[in-house]
Amino acid sequence: MSVYEENRCIKDHKHRLLAEKFELKRNLFKSLVRDPELPIEIREKFQQKLSQLPRNSSFTRIRNRCIFTGRSRAVYQFFRMSRIVFRELASKGMLNGVKKASW
């Protein structure tokens, strides 16, 4: 894994920690902003508070990455590894319970 890929994994991990930290507050503000029963002034106040939260605390900023290579595409969410690494490890028999299908 190159230094660049390692940095991307570290950044992604920081995004995950930040999103977890602000999840409750973000969901509360969102629900209050979307509530049509509340007066507009209160909804605008909570919209302002929502916009003051860190951008990287949003779950849409999180990108699934391979824990071995840092690859961001074709990552199996259950295993947290890319299809390429998964295939290599499965063919070597290093993944328990995974075997090549043949019929």
Side-chain angles (χ1 to χ4, degrees):
M1 184 184 312
S2 70
V3 175
Y4 176 73
E5 291 168 342
E6 192 172 313
N7 287 343
R8 292 299 307 162
C9 287
I10 291 170
K11 272 188 179 179
D12 186 59
H13 183 66
K14 287 181 181 178
H15 287 204
R16 287 176 191 277
L17 293 178
L18 206 58
E20 185 180 333
K21 179 180 176 183
F22 286 99
E23 178 182 16
L24 188 63
K25 193 178 277 192
R26 183 174 285 277
N27 287 340
L28 174 69
F29 291 162
K30 276 187 174 183
S31 64
L32 290 171
V33 166
R34 292 179 181 164
D35 188 6
E37 304 283 320
L38 292 175
I40 293 176
E41 299 85 31
I42 295 175
R43 289 166 61 185
E44 287 175 353
K45 184 180 99 173
F46 284 110
Q47 176 65 45
Q48 180 69 24
K49 285 186 177 186
L50 182 64
S51 67
Q52 288 174 349
L53 291 178
R55 280 188 178 176
N56 290 334
S57 68
S58 175
F59 276 103
T60 57
R61 290 280 189 135
I62 295 174
R63 179 77 178 179
N64 287 334
R65 293 193 171 272
C66 175
I67 56 174
F68 295 104
T69 61
R71 182 180 166 89
S72 64
R73 294 183 179 205
V75 175
Y76 293 126
Q77 192 171 5
F78 183 76
F79 296 100
R80 291 199 56 202
M81 62 180 75
S82 68
R83 62 180 177 82
I84 299 163
V85 174
F86 179 83
R87 184 169 184 219
E88 285 177 11
L89 293 177
S91 64
K92 291 179 184 175
M94 297 179 74
L95 296 176
N96 292 335
V98 177
K99 62 179 183 178
K100 186 175 178 187
S102 60
W103 57 90

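Taken to the nearest 0.5 Å, the CD atom of Glu23 stands 11.0 Å off from the OG atom of Ser58. Rounding to the nearest 0.5 angstrom, the gap separating the CD1 atom in Ile62 from the NZ atom in Lys14 is 14.5 Å. Phe68 contributes atom CZ, which lies 11.5 Å from atom CZ of Phe79 (distance to the nearest 0.5 angstrom). Summarising the geometry, atom NZ belonging to Lys11 is positioned 15.0 Å from atom CZ belonging to Arg63; distances are rounded to the nearest 0.5 Å. Rounded to the nearest 0.5 Å, atoms CG (Leu50) and CD (Gln48) are 10.0 Å apart. Separation of atoms CG (Leu95) and CZ (Arg87) is listed at 13.5 Å; rounding is to 0.5 Å.
Side chains of Thr69 and Ile84 form no contact here, defined as non-hydrogen atoms less than 4.5 Å apart. Lys49 places none of its side-chain heavy atoms less than 4.5 Å from the side chain of Lys25.
When the side chains of ILVMFWY residues are joined at heavy-atom separations under 4.5 Å, either directly or via intervening members, Leu28 and Leu24 end up in two distinct hydrophobic clusters. Taking hydrophobic clusters as Ile, Leu, Val, Met, Phe, Trp and Tyr residues chained together by side-chain heavy-atom distances below 4.5 Å, Leu18 does not share a cluster with Phe59. Side-chain heavy atoms closer than 4.5 Å link hydrophobic residues (I, L, V, M, F, W, Y) into clusters, and following such links, even through other members, never connects Val75 to Leu89. Hydrophobic cluster membership is shared by Phe29 and Leu38, with clusters built from Ile, Leu, Val, Met, Phe, Trp and Tyr side chains linked at under 4.5 angstrom. Under the 4.5 Å side-chain heavy-atom criterion for Ile, Leu, Val, Met, Phe, Trp and Tyr, Leu53 and Phe46 are members of the same hydrophobic cluster.
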**Study point:** Working for side-chain contact (heavy atoms from CB on, under 4.5 Å), residues Leu32 and Ile42
**Key:** CA-CA 8 Å; Leu32 290 171; Ile42 295 175; over 6 Å; no
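Summarising the geometry of Arg61 relative to His15, their closest heavy-atom pair is O-ND1, 3.5 Å, with the distance given to 0.1 Å. Nearest heavy atom pair, residue Cys66 against residue Ser82, reads SG-N, 3.3 Å. What you find for Ser57 and Arg26 is that their closest heavy atoms are OG-NH2, 2.8 Å.
Asp12 and Arg8 are not joined by a salt bridge, as no carboxylate oxygen comes within less than 4.0 angstrom of a charged side-chain nitrogen.
Ring-plane geometry between Phe86 and Tyr76 is classed as perpendicular, the angle between the planes exceeding 60 degrees on a 0 to 90 degree scale with a lower cut at 30.
The number of heavy-atom neighbours closer than 6.0 Å to CD of Gln52, taken from other residues, nucleotides and ligands shown, is above 12.
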